[in-house]
Asker: 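So that we are looking at the same thing, I have put the structure below in structure tokens.
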Amino acid sequence: MQKGSDMDGQGMHGPDPVTRIESDGIVVTVSDHGAEMQSLMTPDGRELLWHGDPQVWSGRSPILFPIVGRAPDDRVAIDGQGGEMAQHGFARRMTFDRIKAEPTRVVHSLTDNMATHDAYPRPFALTVTHAVSGATLAVTAVVANTGRAMMPFCLGFHPAFLWPLPGAEGQAHRIALDNGAEPALARLTNGLLDDTRHPSPFTGGELRPDPAMFDADAMIFPEGAGQGLRFDAPDTADAPSLRFTFENLPNLALWQKPGAPFLCIEPWHGMAARKGAGPEIAERPGAITLAPGESARFRWSVTIG
């Protein structure tokens, strides 16, 4: 099997090609469908990414664009024009063009088309790059306004990691924020963001995740979680640790589907619409608006230790 080339096999989305990239410390596969990572492995074959069982949750690491979370009545608008849009937007449901495949990097692109115009009446270009170096994976998204009008949007990442981590079955896990903060918690009501802020589940920057925390859906931290964290099982030396960094991604969510063996660590720029709000994307908390010709860059990375 060649690096930087198509893999045999169809993956969870059917026949969309999957590209393998690797370094001396990490092996990654990425599908053309949604530019979505399918696998994240150590060289000795330990898988770290959820496998996307459609009977539980078919996602693995979806790209969220042009919204993050839900819209009121699943409808969005830009200056009053728009239409139906499912949770987290359309990018994760579309096939991207693979514009470059190298041994350590694969680049995908999605541009506006007839399928996007009704709900999202703006020309755009979304470029997603997965790159590996040593034991680090970096995922970069660049959004460009290719039209002549202002373009509001949100962008987020939704990777799902095995929980428990391999080698840490039965062990307590930890999320430790680099900044040691105790950010306030927000919750969703029928998928929409509630303005109420709850006490932080972090103590001194640390959280010991428990499945009961997700009985009320995702835990969302609109501000204060910082630019990096660690996910590990501190009481065992047999499990890998995952060290994350975030760039231009000020919002953080943690999510587990009840009973499923994964934990989503989700850096976002933008969130679900507020409870009681209208459909305008520009009014969503954390939304970005680009002028014609402008672009914005977002990046997360994980280093396996």
Side-chain angles (χ1 to χ4, degrees), residues 1-53 58-63 91-92 95-110 126-142 157-168 228-233 237-247 249 261-267 297-305:
M1 187 178 296
Q2 297 296 312
K3 292 185 277 187
S5 63
D6 290 352
M7 294 175 60
D8 293 333
Q10 297 187 347
M12 72 175 190
H13 294 297
D16 297 278
V18 176
T19 302
R20 172 184 172 124
I21 58 175
E22 63 182 289
S23 64
D24 57 0
I26 201 167
V27 181
V28 172
T29 59
V30 184
S31 174
D32 289 356
H33 188 98
E36 184 176 7
M37 181 167 54
Q38 302 291 288
S39 178
L40 173 64
M41 289 191 298
T42 60
D44 60 4
R46 289 187 296 174
E47 179 62 66
L48 301 175
L49 199 70
W50 163 246
H51 51 68
D53 180 354
S58 64
R60 302 188 191 202
S61 185
I63 308 294
R92 67 181 191 152
T95 298
F96 283 56
D97 292 324
R98 182 166 15 110
I99 59 176
K100 186 172 293 185
E102 299 172 342
T104 60
R105 183 174 69 130
V106 60
V107 183
H108 288 90
S109 177
L110 179 70
L126 168 61
T127 304
V128 178
T129 301
H130 291 76
V132 293
S133 177
T136 298
L137 162 72
V139 185
T140 305
V142 177
F157 300 96
H158 199 320
F161 300 94
L162 293 181
W163 178 29
L165 290 165
L229 61 81
R230 182 182 297 275
F231 175 47
D232 61 9
D238 296 330
S241 64
L242 281 61
R243 169 76 174 85
F244 295 84
T245 63
F246 310 127
E247 297 178 17
L249 295 163
F262 64 77
L263 179 65
C264 292
I265 298 173
E266 307 179 40
R297 180 178 182 269
F298 313 86
R299 182 180 185 270
W300 72 273
S301 70
V302 58
T303 300
I304 312 304

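Here the structure is a predicted model, which is why all the values come from computation and not from measurement. All residue numbers refer to positions in the sequence shown, counting from 1.
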Asker: Roughly how far apart are Phe262 CZ and Leu48 CG, rounded to 0.5 Å?
Answerer: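 With rounding to 0.5 Å, CZ (Phe262) is 15.5 Å from CG (Leu48).
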
Asker: Would a distance-only check, ignoring hydrogens and angles, find a side-chain to backbone donor-acceptor pair under 3.5 Å from Arg297 to Val142?
Answerer: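 It does not hold such a pair.
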
Asker: Got Leu110 and Thr95 here, is their nearest side-chain heavy-atom distance under 4.5 Å?
Answerer: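 Sidechains of Thr95 and Leu110: no contact.
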
Asker: Please check: side-chain N/O of Glu36 versus main-chain N/O of Ser61, any donor-acceptor pairing under 3.5 Å?
Answerer: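 Yes, the answer is positive, given that a donor and an acceptor are paired below the 3.5 Å cut-off.
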
Asker: Once side chain to side chain donor-acceptor pair (under 3.5 Å) is applied, do any residues pair with Ser301, and if so which ones, sequence neighbours excluded?
Answerer: Thr245

Asker: If you compare all heavy atoms of Pro17 against all heavy atoms of Arg98, which two are closest, and at what distance to 0.1 Å?
Answerer: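 Closest approach of Pro17 to Arg98: CB-NH2, 3.3 Å.
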
Asker: Listed by chain and number, what are the ring pair (Phe, Tyr, Trp, His ring centres under 6.0 Å) partners of Phe244, not counting sequence neighbours?
Answerer: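 Expected list: Phe161.
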
Asker: Ser31 pairs by side-chain contact (heavy atoms from CB on, under 4.5 Å) with which of Met37, His108, Gln38?
Answerer: Gln38

Asker: So, for Gly34 and Ile63, which heavy atoms are closest and what is the spacing to 0.1 Å?
Answerer: O-CG1, 3.6 Å

Asker: Calculate, to the nearest 0.5 Å, the distance between atoms OG1 and CZ belonging to Thr29 and Arg20 respectively.
Answerer: 8.5 Å

Asker: Identify the two heavy atoms, one from Trp50 and one from Leu162, that lie closest to each other, and give their separation to 0.1 Å.
Answerer: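 The pair with the smallest heavy-atom distance is CA-CD2, 3.9 Å.
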
Asker: Cut-off 3.5 Å, no hydrogens considered: what does the side-chain donor-acceptor table look like for residues 39-47, sequence neighbours left out?
Answerer:
from, atom 1, to, atom 2, distance (Å)
Ser39, OG, Glu47, OE1, 2.4
Thr42, OG1, Asp44, OD1, 2.3
Thr42, OG1, Arg46, N, 3.1
Asp44, OD1, Arg46, N, 3.4
Arg46, NH1, Asp238, O, 3.1
Glu47, OE2, Leu40, N, 2.8
Glu47, OE2, Leu49, N, 2.9

Asker: OG1/Thr104 to CD1/Ile21 distance, rounded to the nearest 0.5 angstrom?
Answerer: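 These two atoms lie 7.0 Å from each other.
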
Asker: With sequence neighbours left out, write down each residue that passes side-chain contact (heavy atoms from CB on, under 4.5 Å) with Asp97, or none if nothing qualifies.
Answerer: Ile99

Asker: What residues, two or more places apart in sequence or in another chain, satisfy ring pair (Phe, Tyr, Trp, His ring centres under 6.0 Å) together with Phe96?
Answerer: none

Asker: Donor-acceptor check, side chain of Arg60 to backbone of His51, threshold 3.5 angstrom: yes or no?
Answerer: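 The answer is yes, because a donor-acceptor pair under 3.5 Å joins these two groups.
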
Asker: Using only atom types and a distance under 3.5 Å, with no angle test, would you say the side chain of Glu102 pairs donor to acceptor with the backbone of Lys100?
Answerer: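 Checked: no pair found.
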
Asker: Under 3.5 Å, which donor-acceptor pairs do the side chains of residues 128-140 form with other protein atoms, sequence neighbours left out?
Answerer:
from, atom 1, to, atom 2, distance (Å)
Thr136, OG1, Thr303, OG1, 2.6

Asker: Ignoring hydrogens, what is the shortest heavy-atom contact between Ala141 and Phe157? Give both atom names and the distance.
Answerer: CB-CZ, 3.8 Å

Asker: Testing the basics here: between Ala101 and Thr19, what is the closest heavy-atom pair and its distance to 0.1 Å?
Answerer: CB-CG2, 4.2 Å

Asker: Kindly write out the residues that satisfy side-chain contact (heavy atoms from CB on, under 4.5 Å) with Pro164, not counting sequence neighbours, or none if the list is empty.
Answerer: Glu169, His173

Asker: For Arg230, which residues count as a salt bridge (charged side-chain N to carboxylate O under 4.0 Å, His left out) partner, sequence neighbours excluded?
Answerer: none

Asker: For the residue pair Pro240 and Pro166, what are the closest heavy atoms and their distance?
Answerer: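 Closest approach of Pro240 to Pro166: CD-O, 3.3 Å.
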
Asker: May I ask you to test the Pro261-Trp163 pair for a side-chain heavy-atom distance under 4.5 Å?
Answerer: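 Pro261 vs Trp163: side chains apart.
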
Asker: Do Val302 and Ile265 pass the side chain to side chain contact (heavy atoms under 4.5 Å, CB included) test, and can you show the C-alpha distance, the side-chain angles, and the key distance before you say yes or no?
Answerer: CA-CA 11 Å; Val302 58; Ile265 298 173; over 6 Å; no

